[in-house]
Amino acid sequence: MPMETSKQMTKAASKRATASVSKRMSHTVIEKWKDFSFAVPALLFMGVFLYYPLGYSIYLSFTNWNMTRPVKKFVGADNYTRLLSSPDFYHSLKVTFLYTFMDVVLTLAIGLLFALLLNVSSSRLFGFMRGVIFMPYYVSMVVAAMVFTWIYNGQYGLLNNVVSWFGMDPVEWLNNPSTALPALVAVSVWKGVGFAMILFIAGMRGIPAEYYEAASIDGASKFRQFRNITLPLLSPMTLFLVITSFISSMQVFQSIDVMTAGGPLKATNAIVYWIYTMAFSEFKTGRASALVMILFVIILLLTLVQFLVSRKKVHYEG
Amino acid sequence: MKDNYMAGSAKNRKAMMTLRIIGAVIVTLVMFFPVYWLLISAFKTQSEMRMAVPTFWPETFAWQNFAEAFRVIPYARYFGNTLLMAVGTIVLQLNVALMAAYAFAKGQFKGRDTLFLLVLAALIVPEQVIFVPVYVMMSKLDWLNTFWALIVPHGASAYAIFLLRQAFKSINNDVLEAARVDGAGRFSILYKLLFPMAMPTIVTMGVLIFISSWNSYFWPLIMTNNNDMRVLTVGIAMLRDSIAGNEAMFFNVIMASSVMAIIPIVVVFTVMQKHIVAAMANSTFK
């Protein structure tokens with residue numbers, strides 16, 4: 001609402017300004033160009049390093065280029081049909097979605113629990129604890145991956161020591177196809193829950209206190225208040241978190257590169273890691289570009305869903 | 001009856017709060033544990049790293065692990081590279097964004113809002129979509145293994161432009177009009193008037209750019225392959241690859257390298273935490 005008023009005001013002001021200098025038409029034209037010129041650097045950077053490469057990627061996905069050859073042969077949809085008919089593609093897609101699903105569900109569920117537990121304003125202790133929980137979000141993924149690699153180490157790692165207390169045999173966490181992917185998820189969850197918690201708390205603080213007062217006068221239990229007030233009113237925030245975490249999980253790369261290199265037996269060969277090895281180790285640049293486009297389309301669809309749903313739900317915020 | 005109920009509920013509330021504090025402390029300790037493990041592992045000797053039962057406090061503090069990090073890889077060089085990349089990215093990205101935000105918030109020209117949408121659309125294009133063509137471009141320009149390749153492609157950030165535009169929009173036009181009447185040009189209005197007024201946003205922006213640049217991995221991994229041009233994240237990952245056969249021996253050195261690599265982030269984060277959290281919470285729906 002305030003944005004609109006300021007917009008109207010600027011419009012009115014600009015109308016007045018245009019009217020007063022209408023005699024010197026050329027002057028205002030120059031002024032407009034000068035205004036525009038300030039946007040030029042940004043537009044140039046975006047054009048050269050974003051929109052042009054985007055178009056070029058689309059073009060490459062229809063060629064058989066291998067990066068070392070100067071010649072690019074147009075092969076039509078060949079890259080796409082080959083990908084779509086290869087079991088490796090569906091395996092990679094499965095790995096990516098499995099990782100994403102586990103990551104998003106755990107990060108959000110634990111983040112929400114943490115938010116409920118730690119949403120105590122006007123307490124220095126709780127503020128400090130929230131800071132500690134949020135910190136992993138800003139620790140570099142490479143460092144996080146290193147610590148967890150060491151904790152997961154089959155011979156000397158802490159985790160095997162801990163499981164031995166319960167009488168379990170040691171596990172090569174990162175070299176075992178059934179544990180490698182969950183091991184990667186754990187790193188991402190550790191890094192991400194603080195962020196989810198912070199956003200959930202921001203959402204909770206936006207809920208008017210009167211709702212809870214009214215509910216407790218009506219004798220609603222804490223749990224019912226949570227289910228009938230907190231949860232529905234948090235839904236725009238939840239949706240935002242689901243979509244953004246989904247999109248970033250789909251692009252998991254760093255932890256795989258550092259911890260498993262796509263293995264063992266391709267158990268962690270998620271799409272972006274596969275794109276990377278396809279382009280830079282196998283030099284199948286055209287094929288890799290086609291895979292890039294498939295990933296991009298998935299991400300676009302998700303963004304579209306978010307846009308449509310959040311538009312519908314905008315009234316929730318009040 | 002009612003008094004009883006109230007007294008009971010006050011007691012209950014106190015008990016609940018105690019439980020809550022205990023729960024929160026446990027959660028915080030668990031979340032902090034990997035950082036703790038990183039710290040103490042950085043100080044352990046090689047033989048202590050290979051004990052059957054891991055120790056939770058180093059027997060002796062092996063400070064030489066940190067010196068070793070400098071010996072095994074050109075650590076100081078990587079640190080400098082990372083710092084230069086981060087600072088260069090901040091300077092370029094902020095200035096490009098300041099100008100664009102000024103044009104999109106206060107400028108009057110045809111197609112302004114359409115162009116702004118084009119800028120915003122960049123938010124949904126992931127790095128992986130553009131890295132191959134940019135890599136080819138950089139190699140044609142002979143920019144691979146230079147700071148140009150690390151900094152210039154990140155010149156325009158849709159996120160920075162968006163946030164600064166918001167900040168500029170909230171500044172009253174009368175102030176600008178007055179400056180204009182006094183004969184101030186666009187650059188002096190932007191840098192002498194708007195810049196200080198939008199200072200909180202600019203500082204937060206700078207911190208966020210610093211953190212994401214300092215932690216970046218994918219981009220420097222692809223744009224550099226020369227040993228002298230590595231940044232810390234890539235250097236540490238390489239350190240691990242080079243000793244993969246003998247991991248447990250050297251993990252203390254890797255941990256020491258990692259500890260030094262996250263110090264700038266932890267410092268910046270601790271000082272700026274409030275601003276960062278506010279920026280995070282604000283950027284969600286708008």
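Only a predicted model underlies this, so the values are computations on that prediction, with no experimental measurement involved. Protein chains get the first letters and strands the later ones, always in sequence-line order, with residue 1 at the start of each.
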Measuring heavy-atom distances to chain A, does [X] have an atom under 4.5 Å in its side chain, in its backbone, in both, or in neither?
X        : result
B/Tyr217 : both
B/Val25  : both
B/Leu190 : side chain
B/Leu208 : side chain
B/Gln128 : both
B/Val259 : neither
B/Met16  : neither
B/Ile262 : side chain
B/Met51  : backbone
B/Ile211 : side chain
B/Tyr135 : side chain
B/Ala101 : neither
B/Ala97  : neither
B/Leu92  : side chain

Region of [X] that comes under 4.5 Å of a non-hydrogen atom in chain B:
X        : value
A/Tyr59  : neither
A/Ser57  : both
A/Pro136 : side chain
A/Ile271 : neither
A/Tyr138 : both
A/Leu60  : side chain
A/Ile299 : side chain
A/Val193 : side chain
A/Phe128 : neither
A/Leu125 : side chain
A/Met259 : backbone

* In plain terms, say whether A/Asp35 and B/Arg186 are close enough for a salt bridge, that is, a side-chain N and a carboxylate O under 4.0 Å apart. =>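 Between B/Arg186 and A/Asp35 there is a salt bridge, with a charged N closer than 4.0 Å to a carboxylate O.
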
* Under a 4.5 Å heavy-atom cutoff, which of B/Asn95, B/Val268, B/Leu221 has the most pairs with chain A? ->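 Most heavy-atom pairs under 4.5 Å with chain A: B/Leu221.
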
* Check whether NZ of the Lys or CZ of the Arg A/Lys284 lies under 6.0 Å from the centre of the six-membered ring of A/Trp274 and within 45 degrees of that ring's axis. =>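 Output no; distance or angle outside limits.
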
* Roughly how far, to the nearest 0.5 Å, is the OG1 atom of B/Thr233 from the CH2 atom of B/Trp219? ->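 Atom-to-atom, B/Trp219:CH2 and B/Thr233:OG1 are 14.0 Å apart.
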
* Asked: For the atom pair CE (B/Met31) and NZ (A/Lys191), what is the distance rounded to the nearest 0.5 Å?
  ->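 The NZ atom of A/Lys191 is 10.5 Å from CE of B/Met31, to the nearest 0.5 Å.
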
* Asked: Given A/Glu31 and B/Arg180, is the salt bridge (charged side-chain N to carboxylate O under 4.0 Å, His left out) satisfied, shown in steps?
  -> CA-CA 12 Å; A/Glu31 290 298 303; B/Arg180 212 167 289 149; 5.9 Å; no

